[in-house]
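Accompanying notes for the structure given below.
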Amino acid sequence: MTRQNNEDVIEVVIVPRRNSKAICSGCANPGARYDSLGTRRFEFIPLWGYKVFFIYTMRRVNCRSCGVKVEQVPWGNGKKELTTTYMQYLASWADKLSWKDVSRRFNTSWEKVFSAVEFIVDWGLKHRSLEDVQAIGVDEVAWQKGHNYLTVVYQIDRDNTRLLWVGKDRTEATIRRFFEFFGPSRSGTLKYVCSDMWRPYVKVIGELAGQALHILDRFHIVAMLSKAVDEVRAGEHKQLIADGYEPVLKKTRWCLLKRKENLTEKQEVTLKTLLQYNLKSVRAYLLKEDFNGFWDYVSPHWAERYLDLWCTRVMRSKLKPMKKVVKTIRRHKPLILNWFKAKKAYSSGIVEGLNTKLKLTTRKSYGFRTYRCQEIALYHTLGRLPVPQMTHRFY
Ligand SMILES: [Zn+2]
C-alpha cells in the first residue's frame with residue numbers, strides 16, 4: 001500500500017520468473033532478451049475501494065522475425081494504461097450504466113471508461129464471425145438532435161439479431177460503404193434485405209444484393225402512417241383554435257398514434273370521446289387503424305386487393321398527408337407485398353425492437369459529441385460482440 005496523488009493505492013510488483021523468456025509482441029513467439037525499459041504501471045480492478053496497480057519493468061526481445069520488440073504481457077496491451085481485465089470490467093458496467101456513472105462509481109475518468117469500451121469493442125469486431133448472415137435490416141437514425149443521420153445495418157435472422165454496421169450519414173455513399181465492408185460474396189448470398197423507403201438505400205440494395213428478396217418492413221409503413229395522422233391532427237388543431245372552436249384535439253396526440261392495446265385508461269376515454277366528433281383527425285385515425293387488417297393476410301394476392309381498396313378510399317378522403325402516403329405506397333407496392341413472401345423467414349418486428357434499443361443508447365449517451373463515441377457505444381450495446389477470455393471471473 002502506498003500513497004499516490006493523495007490517495008492510498010495498492011501496488012503489486014511483478015517480476016518475471018528467473019530464466020523465463022519474454023514473448024515478442026509482434027509474433028507471440030519467445031525471444032532472447034534484448035534490454036529492459038522503464039517501469040510501467042497497469043491499473044487493475046479496484047480492491048476494497050483502493051486502486052490497484054501492477055508495477056512491472058517491461059523487457060524488450062530481440063526477435064528472429066520481428067527484430068527488437070517490446071515484450072507481450074498477459075494482463076495488458078503494450079499501449080494501454082489499464083489491464084485488459086479492468087477494461088473488460090469497466091466495459092461490462094458500461095452496458096448497464098452511462099459512461100459517466102461508471103467513471104464516478106469506479107473513481108476513474110470518463111476518458112478511461114471510453115478507452116476501455118473502445119478496446120473491448122475493437123477486440124470484439126476483430127474476433128466476431130460474419131458467416132451465415134442471411135437477413136439484414138437497413139435503417140436510418142437521427143442523432144445529435146436530429147441534425148445528422150446514421151445508417152445502421154442489423155442482422156435479423158431468426159436465431160441471430162445484432163448490429164452489424166454503423167455509418168455516418170444516410171447517403172448512397174454510406175450504404176455503399178457497408179456493402180464494401182461486408183464484401184461481394186457475402187452480399188451476393190443474402191436472402192432477405194429489409195429497409196425503409198429511403199431512395200439511396202433502395203437503389204444500392206437492388207444493385208449490390210439484387211438476388212435478395214427486398215422487403216419494406218411493416219414497422220416503416222406503420223411509422224409513415226402514424227406520421228401522416230399526426231400531421232393531420234396538428235394542422236386541424238391549429239385550424240380549430242384559429243376558428244375559435246373548442247380545442248378538442250389538445251393532448252390527443254398519443255391517443256391517435258399508440259396501438260389500442262397500449263393506451264392508458266385515461267387515453268382510452270379520451271379516444272372514445274374524440275371518435276364521436278366528425279373530425280379529419282378521426283377519419284385519418286380510422287384509415288390508419290383499417291390498414292392493420294392488411295397485415296393479417298396470408299396470400300399476397302388478397303393482401304394486394306385489400307391494399308388497392310384501401311388506397312382508393314384514402315385518395316377520396318381529401319386528407320393531404322394521407323394521400324401522400326398512398327403515393328409512396330403505390331410506388332413501392334412490390335416491395336411492400338414482399339413482406340408476405342418473407343413473412344416467416346426472418347424475425348419481423350425485430351428492426352423495431354433494435355431501433356428502440358438503439359434510440360435508448362443514443363439518448364443515454366447524449367453527452368457524446370463525436371461520432372466515434374456514438375459508434376463505439378452502439379457496437380457495445382447492440383453488437384453482441386465476443387469478449388476476450390479472462391483467467392478469472394470477477395463478476
Ligand atoms: Zn516476433
Side-chain angles (χ1 to χ4, degrees), residues 4 9-47 51-92 94 108-109 111-133 162 164-166 177 180-186 370 372-373 375-376 379-380 383-395:
Q4 189 204 335
V9 301
I10 298 172
E11 287 188 344
V12 180
V13 180
I14 297 177
V15 279
R17 256 180 297 117
R18 248 207 287 177
N19 301 327
S20 77
K21 279 212 164 157
I23 308 291
C24 167
S25 60
C27 63
N29 284 317
R33 179 191 165 131
Y34 181 75
D35 64 356
S36 289
L37 297 171
T39 300
R40 282 207 34 197
R41 303 165 68 82
F42 294 90
E43 194 172 350
F44 195 69
I45 299 177
L47 261 185
K51 285 185 176 167
V52 176
F53 291 94
F54 291 172
I55 313 289
Y56 183 72
T57 306
M58 300 288 280
R59 297 172 288 177
R60 285 203 294 181
V61 295
N62 193 356
C63 174
R64 259 183 234 150
S65 25
C66 315
V68 175
K69 278 265 171 191
V70 179
E71 72 172 312
Q72 170 185 312
V73 290
W75 57 81
N77 164 299
K79 288 166 207 97
K80 297 274 180 186
E81 200 184 339
L82 310 181
T83 56
T84 309
T85 312
Y86 189 34
M87 286 195 278
Q88 206 167 325
Y89 185 73
L90 288 176
S92 78
T108 182
S109 64
E111 285 74 19
K112 276 188 186 169
V113 177
F114 167 68
S115 151
V117 179
E118 186 183 37
F119 173 81
I120 294 301
V121 164
D122 282 341
W123 193 96
L125 289 175
K126 225 176 273 163
H127 291 84
R128 70 176 169 171
S129 161
L130 290 175
E131 301 316 308
D132 294 326
V133 178
R162 57 177 168 160
L164 284 181
W165 191 82
V166 194
R177 277 212 319 279
E180 208 170 282
F181 145 83
F182 201 54
S185 83
R186 275 191 285 258
T370 68
R372 179 69 180 153
C373 289
E375 182 186 24
I376 293 293
Y379 279 127
H380 184 52
R384 294 178 71 172
L385 297 171
V387 288
Q389 254 202 332
M390 285 194 290
T391 42
H392 177 84
R393 288 193 67 84
F394 290 87
Y395 48 92

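Remember, it's 1-based here, ligands and their atoms both numbered in the order they're listed. For clarity, every value in this text was computed on a predicted model and none was experimentally measured.
A salt bridge between E180 and R177 is absent, with no side-chain N of the basic residue lying under 4.0 Å from a carboxylate O of the acidic one. Comment: E81 does not engage R40 in a salt bridge, judged by the lack of any side-chain N to carboxylate O separation of less than 4.0 angstrom.
Atom CG of D132 sits in a sparse spot, with 12 or fewer heavy atoms from other residues, nucleotides or ligands closer than 6.0 Å.
Taking K69 as the reference, nothing meets the salt bridge (charged side-chain N to carboxylate O under 4.0 Å, His left out) condition, with sequence neighbours excluded.
Ring geometry for F54 versus F44: interplanar angle under 30°, hence parallel rather than tilted (30 to 60°).
Screening the protein for N, O or S atoms under 2.8 Å from the Zn ion (ligand 1) yields 4; no waters enter the count.
Within the 3.5 Å criterion, the main-chain N or O of S25 finds no donor-acceptor partner in the side chain of E71.
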